[in-house]
Amino acid sequence: MPRLSRFFLRGGFICLAVGMLAGGLILVQKGTGRFPFFWVLLPAHIYLVLVGGVTQCALGVSYWILPRLGAGQGRGNTALAWSSYWALNTAILLVTLHPATEIALGAPAAGVTFVCGGVLQGVAAVVFALHAWPRIRPSQASPR
Amino acid sequence: MPLLTRYFLKTAILYFVASSCLGGYLLIAVGLQRSVPLVLQPVYWHMLLVGWLMQLIFGVAYWMFPPFAKGQPHRRPALAWLTYAALNVGLLLRVIVEPWHGVRPQPGLGWLLVGSAVLQVAAGWMFVITIWSRVRGRGR
């Protein structure tokens, strides 16, 4: 398994574990009626599980198993894929820190974390697509 | 395909069918402008995302990731089975109790949701613990 896939997968599993913990706290609130402030974790719960967990695992496995480019080009432009990893994880960090930013610096600053997170998430998707696109092709050994 | 993966994938498919039927019902009800119990929406999303998608990912990861050692796919097989049990008991508890508690809230019933939360979170963490050592490069 290549290094970037290990980064994506381990990052994804950490997000999944933390995201499920946030969801569990919200469910505890539903069951007991106590701790209403747990609902502040809802955006982080959704984002960590879907983008941080599921998406990162999918990207990690894609980087690992998509056919390599022939003629010594390996997995192609790996810098693009690494850029996607860093952009996506910075976006996840910004969205996760949103509640803390709102408490510490107020709503306008917290809004900026969402805007920056959104831009970085889009950039991550575009650069990963640019990396993966040429690798989605028939394997050299298999018939067309 | 290992037995644990078959259990994960077949249960995932059952949740796919069940959640799609529930999602279809909700969509039809909205289309016909009938009132829909709001408590069914989180149940639908969690059946789809935890019961189907997450369970599919867990099952395939246990199958396809490099084995822990030669002839020993998992470091702790019992923990992997416990992940399956905790995830499904926790999710089933939620699917039954959440709408019930939403319509007729009772203190005792609410604590079952706490149990569901503990089981599902435990399943997620046990999955990460069991799979972590299998996320590795070649020759290690």
Side-chain angles (χ1 to χ4, degrees), chain A residues 1-36 38-39 41-66 68 74-75 78 85 89, chain B residues 39 42-43 45-46 48-50 52-58 60-61 64-67 83 86-87 90-91 93-94 97-102 105-140:
Chain A
M1 192 185 292
R3 191 157 178 251
L4 179 58
S5 290
R6 301 199 303 267
F7 271 64
F8 265 131
L9 287 168
R10 286 190 169 157
F13 293 148
I14 290 170
C15 287
L16 207 60
V18 178
M20 285 181 84
L21 180 64
L25 292 174
I26 293 168
L27 196 55
V28 166
Q29 198 286 323
K30 278 187 183 178
T32 63
R34 297 174 198 171
F35 318 113
F38 280 166
W39 281 97
L41 297 170
L42 186 63
H45 164 59
I46 295 169
Y47 203 79
L48 279 169
V49 171
L50 286 179
V51 180
V54 175
T55 304
Q56 274 206 101
C57 287
L59 295 181
V61 172
S62 307
Y63 184 79
W64 176 24
I65 66 168
L66 284 174
R68 294 177 192 218
R75 289 189 167 86
T78 55
Y85 171 80
N89 279 279
Chain B
V39 285
V43 171
W45 285 111
H46 284 86
L48 190 70
L49 292 171
V50 180
W52 157 238
L53 191 59
M54 201 175 285
Q55 194 141 223
L56 192 76
I57 290 170
F58 284 13
V60 172
M64 288 191 63
F65 278 24
T83 304
L87 188 74
L91 184 58
L93 207 54
R94 179 187 195 148
V97 173
E98 193 174 7
W100 189 2
H101 186 60
Q106 295 165 38
L109 213 54
W111 283 102
L112 288 176
L113 280 181
V114 176
S116 161
V118 170
L119 285 169
Q120 287 180 86
V121 172
W125 285 69
M126 285 190 292
F127 170 73
V128 173
I129 289 167
T130 49
I131 209 73
W132 194 265
S133 58
R134 295 178 61 186
V135 179
R136 57 191 173 79
R138 192 179 292 176
R140 283 182 57 198

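Please read these numbers as outputs of a predicted model, since none were measured by experiment. Convention: sequence-line order gives letters A, B, ...; per-chain numbering from 1.
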Taking all non-hydrogen atoms of both residues, which atom of [X] and which atom of [Y] are closest, and how far apart?
X	Y	result
A:Val28	B:Ala117	CG2-CB, 4.0 Å
B:Gly137	A:Arg6	CA-NH1, 3.2 Å
A:Ala17	B:Val128	CB-CG2, 4.1 Å
A:Met20	B:Gly124	SD-CA, 3.6 Å
A:Leu27	B:Gln120	CD2-NE2, 4.0 Å
A:Met1	B:Arg134	CE-O, 4.1 Å

Contacting moiety of [X], where chain A heavy atoms sit under 4.5 Å:
X	result
B:Pro42	side chain
B:Ile131	side chain
B:Leu112	neither

Side chain, backbone, both or neither: which part of A:Ile26 has a non-hydrogen atom closer than 4.5 Å to chain B? neither

Given that the side chain runs from C-beta out, which part of A:Leu16 has a heavy atom under 4.5 Å from chain B: side chain, backbone, both or neither? side chain

Anything under 30° is parallel, anything over 60° is perpendicular, the rest tilted; go ahead and classify B:Phe65 against A:Trp64. perpendicular

Who wins among B:Trp125, B:Phe127, B:Trp132 for the most heavy-atom pairs under 4.5 Å with chain A?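 Result: the option with the highest number of such pairs is B:Trp132.
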
Could you walk me through whether A:Val49 and B:Leu49 pass side-chain contact (heavy atoms from CB on, under 4.5 Å), step by step? CA-CA 9 Å; A:Val49 171; B:Leu49 292 171; over 6 Å; no

How far apart are the C-alpha atoms of A:Lys30 and B:His101, what are their side-chain angles, what is the distance that settles it, and do they pass the side-chain contact (heavy atoms from CB on, under 4.5 Å) test? CA-CA 9 Å; A:Lys30 278 187 183 178; B:His101 186 60; 5.7 Å; no

